[in-house]
Amino acid sequence: MIHAKPILRGLALALFLPLAGVTASAPNMAAAQGLFDPVIKVNGAAVTRYELDQRAKLLTLLRAPADPAKLARQQLIEDRLKAEAAIATGVSIDDAQLRAGMEQFAAQGSLDADQLLALLARGGVSEETFREFVRSGLIWREVTQARFGPRVSVSEEDLERARAAITDGTGVRVLLSEIIIPFEVEGEEAAMARARRISELTSTAAFSAQARQVSATRTRDAGGQLPWQPITQLPPVLRPLVLGLAPGEVTDPLPLQGAVALFQMRDIQETDVATPDYAAIEYAAYYIPGGRSADAIARAAQIDAQTDTCDDLYGIAKGQPESVLERGTKAPGEIPDDIAISLSRLDPGEVSYDVTRAGGQTLVLLMMCGRSQTITAETPEAPADGTAIDAAPAEGAAAAPDETAQLSAQIANRRLESFANGYLEQLRSEARIIEY
């Protein structure tokens with residue numbers, strides 16, 4: 001017997017692959033009146049109430065980390081834009097490619113496509129809905145590859161920086177400046193347009209001037225300038241982007257939840273001391289109503305002054321609903337990008353409060369509790385009984401594979417993803433979107 005809950009929990013991670021839907025099949029004739037009515041039009045292309053309902057059900061089954069109804073609406077608007085871009089680019093997906101994509105998606109839950117379709121059907125999601133969910137993602141990959149693939153290159157210098165970050169006995173540290181523009185301040189389209197303009201800057205003075213004007217982080221008064229950081233302390237989404245920069249260059253806009261981020265490289269150094277790689281990060285999140293209002297920020301500053309460790313936050317939250325404080329340990333790749341970026345600046349016991357939730361209505365005070373290093377053969381952890389560890393490889397063990405191709409692909413894919421995100425925001429800003 002196939003148990004749906006753990007399988008669908010695993011498949012939820014696949015939502016962050018570029019696999020989003022375009023259209024859904026029509027329901028049967030017994031469907032309620034009005035189910036075919038358009039609820040959104042994107043450059044004249046309609047999204048029906050049925051499609052919106054189906055996408056929300058699909059996202060619910062896949063444990064989407066957001067409000068399924070809101071995310072469904074956002075995705076379906078983007079799907080229409082992607083479909084239009086595909087037509088303009090001359091991209092299409094045949095049945096064999098579609099079936100392979102469905103199998104690949106299902107395999108992430110240790111299923112084949114037919115087994116996943118059966119589970120979705122039990123939850124009220126049609127086969128055609130899932131097929132088009134996959135089709136759009138495959139099309140978008142082809143569109144972005146066709147448009148931006150020739151512009152993405154990885155130099156030997158880029159690879160050397162990446163290799164230096166993982167070479168035994170050495171480390172890489174970076175000197176960055178940051179800008180994070182929240183959407184609720186000037187609107188998503190205006191924020192993305194401004195971010196694209198800032199990404200063209202090469203002057204550190206000009207970037208710092210922009211940070212003082214528009215950045216929502218606590219570094220804005222310092223022109224967005226961060227201190228030296230080991231590359232391994234940066235979140236996974238940021239490392240390949242940063243390693244691809246030369247001093248003065250700025251990343252492409254990095255979309256976050258409710259904001260867009262940019263980072264400028266001021267300097268990069270290779271050190272003689274190996275920088276630790278982290279397997280897990282423990283942090284706490286305390287939720288303050290009011291978003292970035294003066295009262296909410298004042299409350300966050302007050303809590304900062306009253307606390308020194310994550311344990312102190314329990315006293316702050318005493319007598320309040322349990323949901324006001326969350327604490328846990330996650331692998332770096334499991335932490336949402338905006339939270340991971342904010343945590344990367346912190347030492348244990350330090351706080352930040354530049355992240356929001358609930359559409360900007362809730363301010364999130366984050367406190368770093370601690371980081372756990374990855375245990376490797378080069379840095380073994382001694383057993384409790386004092387037994388020595390033999391770190392030598394077993395006789396006949398294979399050498400580590402050449403990482404050049406893997407590093408090159410990682411850097412190229414991150415750059416391509418940035419181009420794709422920027423292009424999608426451009427399409428959205430230029431589109432005529434009517435919501436009923």
Side-chain angles (χ1 to χ4, degrees), residues 11-27 35-62 64-95 97-102 104-106 113 116-117 120 124-148 188-189 192 255 257 416-417 419-436:
L11 285 169
L13 297 174
L15 288 168
F16 298 100
L17 296 174
L19 293 174
V22 176
T23 60
S25 63
L35 211 52
F36 294 106
D37 291 347
V39 291
I40 308 168
K41 282 190 177 179
V42 183
N43 292 334
V47 175
T48 67
R49 183 169 285 106
Y50 174 74
E51 293 173 272
L52 197 59
D53 176 69
Q54 281 279 294
R55 177 58 62 85
K57 286 181 179 178
L58 177 60
L59 295 175
T60 299
L61 290 173
L62 294 178
D67 181 340
K70 291 181 180 179
L71 185 57
R73 183 175 291 266
Q74 173 189 327
Q75 285 189 354
L76 287 168
I77 289 173
E78 293 177 351
D79 293 347
R80 294 299 186 268
L81 298 173
K82 293 173 182 179
E84 189 175 14
I87 293 172
T89 311
V91 167
S92 62
I93 297 296
D94 61 31
D95 291 343
Q97 289 173 299
L98 176 59
R99 184 67 188 187
M102 293 168 63
Q104 180 185 24
F105 189 97
L116 177 56
L117 287 170
L120 294 177
V125 176
S126 74
E127 176 178 345
E128 191 63 18
T129 293
F130 177 64
R131 287 170 60 86
E132 298 306 324
F133 177 82
V134 173
R135 186 193 303 276
S136 182
L138 297 175
I139 285 176
W140 186 239
R141 289 178 186 175
E142 296 296 325
V143 168
T144 54
Q145 182 63 47
R147 287 186 64 92
F148 305 113
E188 182 174 351
E189 293 181 6
M192 290 301 302
Q257 183 170 330
L416 189 63
E417 183 180 354
F419 279 125
N421 290 335
Y423 179 44
L424 185 58
E425 291 303 326
Q426 177 186 340
L427 293 176
R428 180 188 283 273
S429 67
E430 295 172 351
R432 185 168 180 266
I433 301 172
I434 301 173
E435 300 191 46
Y436 300 95

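Quick note: residue numbers are just sequence positions, from 1. Just so you know, these numbers come straight off a predicted model, no measurement behind them.
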Could you pull out all residues at least two apart from [X] that satisfy side-chain hydrogen bond (donor to acceptor under 3.5 Å, both in side chains)?
{"X": "Gln97", "answer": "none"}
{"X": "Arg131", "answer": "none"}
{"X": "Gln145", "answer": "none"}

From [X] [atom1] over to [Y] [atom2], what is the distance, rounded to the nearest 0.5 angstrom?
{"X": "Thr144", "Y": "Ile139", "atom1": "OG1", "atom2": "CD1", "value": "12.0 Å"}
{"X": "Leu59", "Y": "Lys70", "atom1": "CG", "atom2": "NZ", "value": "14.0 Å"}
{"X": "Leu81", "Y": "Leu424", "atom1": "CG", "atom2": "CG", "value": "6.0 Å"}
{"X": "Asp37", "Y": "Tyr436", "atom1": "CG", "atom2": "OH", "value": "10.0 Å"}
{"X": "Phe133", "Y": "Glu128", "atom1": "CZ", "atom2": "CD", "value": "14.0 Å"}
{"X": "Leu58", "Y": "Glu51", "atom1": "CG", "atom2": "CD", "value": "13.0 Å"}

Q: Output yes when a side-chain donor or acceptor of Ser136 lies under 3.5 Å from a complementary backbone atom of Glu132, and no otherwise.
A: no

Q) Would you say Glu142's side chain and Ile93's backbone share a donor-acceptor pair under 3.5 angstrom? A)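 Flag not set: sc Glu142 to bb Ile93 has no pair under 3.5 Å.
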
If I compare all heavy atoms of [X] with all of [Y], which pair ends up nearest, and what's the gap?
{"X": "Ala146", "Y": "Thr89", "answer": "CB-CG2, 4.0 Å"}
{"X": "Trp140", "Y": "Ala420", "answer": "CZ2-O, 3.6 Å"}
{"X": "Gly124", "Y": "Gln54", "answer": "O-NE2, 2.8 Å"}
{"X": "Ala56", "Y": "Ala72", "answer": "N-CB, 3.7 Å"}
{"X": "Leu427", "Y": "Ala85", "answer": "CD1-CB, 4.0 Å"}

(Q) Using side-chain heavy atoms (C-beta onward) and a distance below 4.5 Å, is Gln426 in contact with Tyr423? (A)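 In short, these two side chains touch, coming nearer than 4.5 Å.
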
Check salt bridge (Lys or Arg N to Asp or Glu O under 4.0 Å) between [X] and all other residues, then give those that pass, not counting sequence neighbours.
{"X": "Arg147", "value": "none"}
{"X": "Lys41", "value": "none"}
{"X": "Glu84", "value": "none"}

Who passes side chain to side chain contact (heavy atoms under 4.5 Å, CB included) against [X], sequence neighbours left out?
{"X": "Ala45", "result": "Arg80"}
{"X": "Ile433", "result": "Ile40, Val42, Ile77, Arg428, Ala431, Glu435"}
{"X": "Ser92", "result": "none"}
{"X": "Asp53", "result": "Lys57"}

(Q) Can you tell me if Asp95 has over 12 outside heavy atoms packed within less than 6.0 Å of its CG? (A)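 It does not: Asp95 CG has 12 such atoms or fewer within range.
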
Q: Mind running side chain to side chain contact (heavy atoms under 4.5 Å, CB included) on Arg49 and Leu52 for me, showing each step along the way?
A: CA-CA 5 Å; Arg49 183 169 285 106; Leu52 197 59; 5.6 Å; no

Q) Partners of Phe419 by ring pair (Phe, Tyr, Trp, His ring centres under 6.0 Å), sequence neighbours excluded? A) Phe148

